[in-house]
> 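Following this message is one structure expressed as structure tokens.
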Amino acid sequence: MEERYNPTTIECKWQKYWSDNNVDVTVKDPARQKFYCLEMFPYPSGKIHMGHIRNYVIGDVITRYKRMRGMSVLHPMGWDAFGLPAENAAILNNVHPRQWTLSNIAAMKSQIASIGCSYDWSRELTTCLPEYYKWNQWFFIQMYNRGLAYRKKSFVNWCNACGTVLANEQVIDDKCWRCDDVVVQKELEQWFFRITAYAEELLRGCDTLSGWPEHVVTMQRNWIGKSTGAEVLFAVDGSAETIKIFTTRPDTLFGATFVCLAPLHPLADTLTADKTALKQIIDAYGKDDEKLGLFTGSYAINPVNNESIPIYIANFVLMDYGTGAIMSVPAHDQRDFDFARKYNLPIRQVIVAPDTQPGTDLTAAYEDKGTMHNSGEFSDLDSEEAKALITQSLATRGLGKAVTNYKLRDWGISRQRFWGTPIPIVYCDTCGIVPVNQDKLPVILPEDVVLTGTGVSPLADVEGFVNTTCPKCGAGARRETDTMDTFVDSSWYFIRFCSRGDEPPLKQDNIAYFMPVDQYIGGVEHAVLHLLYSRFFTRVLRDIKVVRFDEPFQRLLTQGMVCKETWKCPTDGWLFPEQVRDGRCLLCDSEVVRGRTEKMSKSKKNVVTPDELTAKYGADTARVFSLFAAPPEKDIEWSDQGVEGSYRFLNRLWGLIYNNLDCINVTSTVAKGKIFRKTHQTIKKVTTSIEKDYHFNTAIAALMELLNELSAFRAATDEDRAAIGMALRSLILLLAPFAPHLCEELWAVVGEKPSVFNHPWPQWDELATKEEEIELVIQVDGKLRAKQMISADLPDDDKKEIALGNAKVQEHLRGKNIKNILVVRGRLVNIATSGDSIA
RNA sequence: GCGAGAGUGGCGGAACUGGCAGACGCGCUGGACUUAGGAUCCAGUGGGGAAACCCGUAGGGGUUCAACUCCCCUCCCUCGCACCA
């Protein structure tokens with residue numbers, strides 16, 4: 001054994017060993033319990049960053065731990081390889097997107113390897129390869145045949161910078177989720193997946209996601225956005241037209257004093273004479289600064305009381321939710337209230353708060369439930385009851401019905417880009433839309449393409465691709481030239497991983513054995529996007545009999561971001577840490593300000609790269625620090641000194657074993673003493689920290705404690721030496737998931753056969769964790785007054801006696817009446833007094 | 001505005017089901033070893049106080065023998081949703 005810890009040599013050696021000996025290859029063993037641990041696969045940008053590292057290391061610890069617990073663990077990795085950056089790089093550098101992507105993959109793969117993650121690379125998948133995207137096309141056709149994929153013309157979200165459309169989920173605050181450019185509306189023919197057909201099921205499924213963070217489930221529920229209410233028909237006075245409105249408050253129908261249409265509502269144009277004014281309202285649509293209205297000059301008939309009320313066009317009424325038209329009840333909706341005040345429209349109260357009288361001067365809308373008022377036959381009823389009764393009464397007259405609405409829209413999957421899965425559809429002049437025959441799949445993405453980035457699908461110019469024959473009639477026909485959203489690729493990749501690369505992708509017994517994913521780990525940025533699409537896809541796959549379950553991801557861990565402090569100079573802007581010395585900028589000598597701790601980013605110059613880190617300290621230090629700095633779901637603050645601390649810890653462990661090699665093979669039948677006890681306590685603490693909520697930071701803290709105790713201990717007897725030997729072996733095993741290279745090496749040093757990961761996880765003996773002596777904590781009236789060492793097995797009554805007998809305690813009891821004495825968990829005595837003087 | 005989560009030493013963070021607040025690490029202070037120390041090792045380290053002791057988990061109230069933990073109010077931060085009728 002070398003005297004010094006040398007991470008570089010050790011890490012190379014064991015990475016080679018693991019790879020040469022297939023240590024990380026999944027063993028599918030039906031006799032054992034399976035565990036599927038998955039980290040969200042990366043887009044191959046070419047560079048691994050600390051966020052990836054943190055994600056993968058968390059997954060790797062869980063994987064290695066579960067393997068040591070004897071489970072058959074599936075831990076795969078692959079590449080989300082289609083997407084825009086490849087295309088942009090192609091335009092910029094004149095390389096083919098495939099070449100750019102594949103060389104990035106090679107680079108990232110070696111970076112991932114250098115942190116020692118135990119992936120089963122025999123299952124590696126790359127979504128831009130035909131053998132993968134063939135199945136996107138196959139699923140598309142299955143969905144087309146079931147009416148779940150359809151084509152329609154509609155206004156879509158268009159990103160000019162990306163030159164393509166975006167799904168609703170991919171628009172964040174009116175900006176593109178990827179490039180942050182402003183998203184505009186454009187009318188296009190697009191392919192959609194009918195995710196709305198599963199809206200109710202996806203919503204109900206949320207109740208079963210007990211292994212997910214609550215806020216992620218809430219985000220999914222909000223996104224689906226179910227609301228129940230009624231559709232009500234308002235006739236247009238003096239016309240055959242009717243306006244269909246949606247409301248969640250049919251109970252307030254008698255209070256409707258006007259009707260509002262969305263600016264793009266079909267009737268808006270018909271009813272409005274002043275086209276210039278209408279244009280202004282259309283321009284103001286969706287702007288959240290002010291509510292604008294335009295009176296059409298027409299009136300609508302309220303079906304519950306035949307009252308004639310004005311019809312307005314309003315910029316705040318959404319066209320793509322409900323029916324694009326609303327009834328306005330200013331007394332009971334704040335938005336309508338504001339609008340009514342602005343345009344001097346009547347406000348009529350029809351719901352009265354419990355225990356109050358109808359007021360005359362409302363200062364704000366009353367939006368709660370209450371008692372019906374001024375509502376014809378429904379007056380004096382409870383407003384909640386009235387909802388159903390009014391809806392029913394409208395329904396019998398054919399003027400309304402109960403309706404459930406969802407905010408969720410169908411998933412638009414067409415992208416006017418090259419680097420994606422071709423949509424397997426052919427347009428024939430006689431047969432119309434015809435799917436490609438399944439035995440002709442995959443539709444291969446052509447090689448020779450001129451990429452211009454102009455926003456027209458590049459495939460449209462590839463004649464050899466576009467021109468084809470109709471699968472139905474054989475006549476000349478044209479292919480669809482849009483490609484699929486890359487979120488299609490990631491909606492089922494976890495199923496592909498169940499089978500090796502040399503096996504069929506949808507092999508039933510593999511899917512049945514490994515799915516669902518037991519632990520999924522990734523960033524919270526996919527809380528709605530990828531996770532909702534995957535839940536949808538899984539249900540579709542269930543309905544086409546590919547899988548037999550509803551939910552793909554049993555437990556979800558959304559890891560926190562990797563952050564670091566920032567430095568800013570008033571003249572030179574953001575600074576690298578090495579540009580700051582003694583609070584001054586090395587460029588201009590100004591005083592610098594320490595900025596907020598923020599997510600690592602190039603622009604803020606607060607990035608630490610995995611390469612420099614592993615070069616300096618080795619992968620194990622990087623792993624231990626990123627796990628020790630905070631629990632996985634929280635953000636971590638990167639600290640160079642903290643990394644040093646983790647490095648010191650591993651060095652001290654090395655030194656400890658080096659100094660105690662003589663203890664390794666000493667055996668003894670006597671199993672007691674403080675080292676023995678501490679070891680069992682540590683096994684318990686580490687195991688429960690991992691099992692309970694993956695709080696690796698406290699697990700590592702416990703290992704540090706054991707190390708500290710061992711370092712301070714001086715062995716006197718063979719029993720002591722045996723205890724140390726046993727403690728060291730346990731320490732190596734317990735630390736192995738966190739610092740795998742070091743522990744593999746130390747495992748060899750103590751004379752064991754590799755791999756340490758084939759060795760069972762240590763067990764603790766509950767009896768052995770018990771202290772013989774404890775420090776009895778004595779309180780008087782809840783305040784700590786004394787501590788005293790006592791034997792742990794004394795009965796409670798003796799502990800009370802000891803507490804009362806303590807000199808310090810007696811001082812504090814002087815002049816007081818003892819009311820009660822409590823013994824808590826055998827460790828604490830609290831003497832409660834009445835405070836009254838005895839004298 | 002609505003919803004969720006959080007607020008603990010100089011810093012990152014611990015604390016089971018209400019039971020010793022501050023585990024572990026960083027930093028800092030002192031010491032040892034050293035030609036040297038930004039290496040290593042040892043000791044100390046919430047604040048106040050000479051001490052007894054007092055104070056202390058964002059702030060204020062409450063429940064309890066006992067509150068970081070439970071309840072009510074306020075402040076602040078982070079995230080999500082945001083004219084969804």
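Letters go in sequence order (proteins before strands), and every chain restarts at 1.
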> Expressed as a whole number of Å, how far does the C1' atom of G59(B) sit from that of C68(B)?
15 Å
> In whole Å, I'd like the distance from the CD atom of Glu637(A) to the P atom of C11(B).
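Rounding to the nearest Å, CD of Glu637(A) and P of C11(B) are 11 Å apart.
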> Nearest nucleotide by nearest heavy atom, which residue falls closer to the 5' end of RNA chain B, Tyr406(A) or Thr698(A)?
Thr698(A)
> Can you tell me if the side-chain N/O atoms of Asn697(A) get under 4.0 Å from OP1 or OP2 in A14(B)?
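Yes, because at least one side-chain N or O of Asn697(A) sits under 4.0 Å from OP1 or OP2 of A14(B).
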> Applying the side chain to side chain contact (heavy atoms under 4.5 Å, CB included) test to Arg221(A), which of Leu203(A), Val216(A), Leu209(A) qualifies?
Leu203(A)
> Any donor-acceptor pair under 3.5 Å between the side chain of Lys787(A) and the base of C20(B)?
yes
> By nearest atom, which of the nucleotides C20(B), G13(B), A85(B) is closest to the Leu828(A) side chain?
C20(B)
> Syn or anti: how is G9(B) classified when any glycosidic angle within 90° of 0 counts as syn?
syn
> Just N and O in the side chain of Ser227(A): are any of them under 4.0 Å from OP1 or OP2 of A85(B)?
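Yes, such a contact exists.
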> By the 4.0 Å heavy-atom rule, please label Val317(A) as base, sugar-phosphate, or nothing.
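Base contact.
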> What interatomic distance, in whole Å, is found between P of A52(B) and the corresponding atom of C41(B)?
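Straight-line distance between the two P atoms is 34 Å.
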> Trp212(A) and Glu214(A): side-chain hydrogen bond (donor to acceptor under 3.5 Å, both in side chains), yes or no, with the steps?
CA-CA 6 Å; Trp212(A) 287 35; Glu214(A) 191 50 45; over 6 Å; no
> Using a cut-off of 4.0 Å between protein heavy atoms and nucleotide atoms, how would you tag nucleotides 45-56 of chain B 5' to 3' with B, S and -?
--------SSS-
> For RNA chain B, write out the stems as range with range, using runs of 3 or more consecutive Watson-Crick or G-U pairs with both distances under 3.5 Å.
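Stems (3+ consecutive pairs) listed as B:1-5 with B:77-81, B:10-12 with B:24-26, B:27-32 with B:40-45, B:46-48 with B:53-55, B:58-62 with B:70-74.
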> Counting primed atoms plus P, OP1 and OP2 as sugar-phosphate and everything else as base, spell out the protein contacts along nucleotides 25-30 of chain B at 4.0 Å heavy-atom distance: B, S or - for each nucleotide, 5' to 3'.
SSS---
> Pick the P atom in G13(B) and in C81(B), then give their distance to the nearest Å.
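Pairwise P distance, G13(B) against C81(B), rounds to 25 Å.
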> If I pick the P atom on G10(B) and the same atom on U45(B), what distance separates them, to the nearest angstrom?
16 Å
> Please figure out whether Arg825(A) or Asp635(A) has its closest RNA chain B nucleotide nearer the 5' end.
Asp635(A)
> In whole Å, I'd like the distance from the CG atom of Leu531(A) to the C1' atom of G80(B).
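It works out to 15 Å between those atoms.
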> Rounding to a whole Å, what distance do you find between Asn315(A):CG and A85(B):P?
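Answer to the nearest Å: 18 Å.
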> Quick one: are the ring centres of Tyr312(A) and Phe339(A) less than 6.0 Å apart?
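Yes, the ring of Tyr312(A) comes within the 6.0 Å limit of the ring of Phe339(A), centre to centre.
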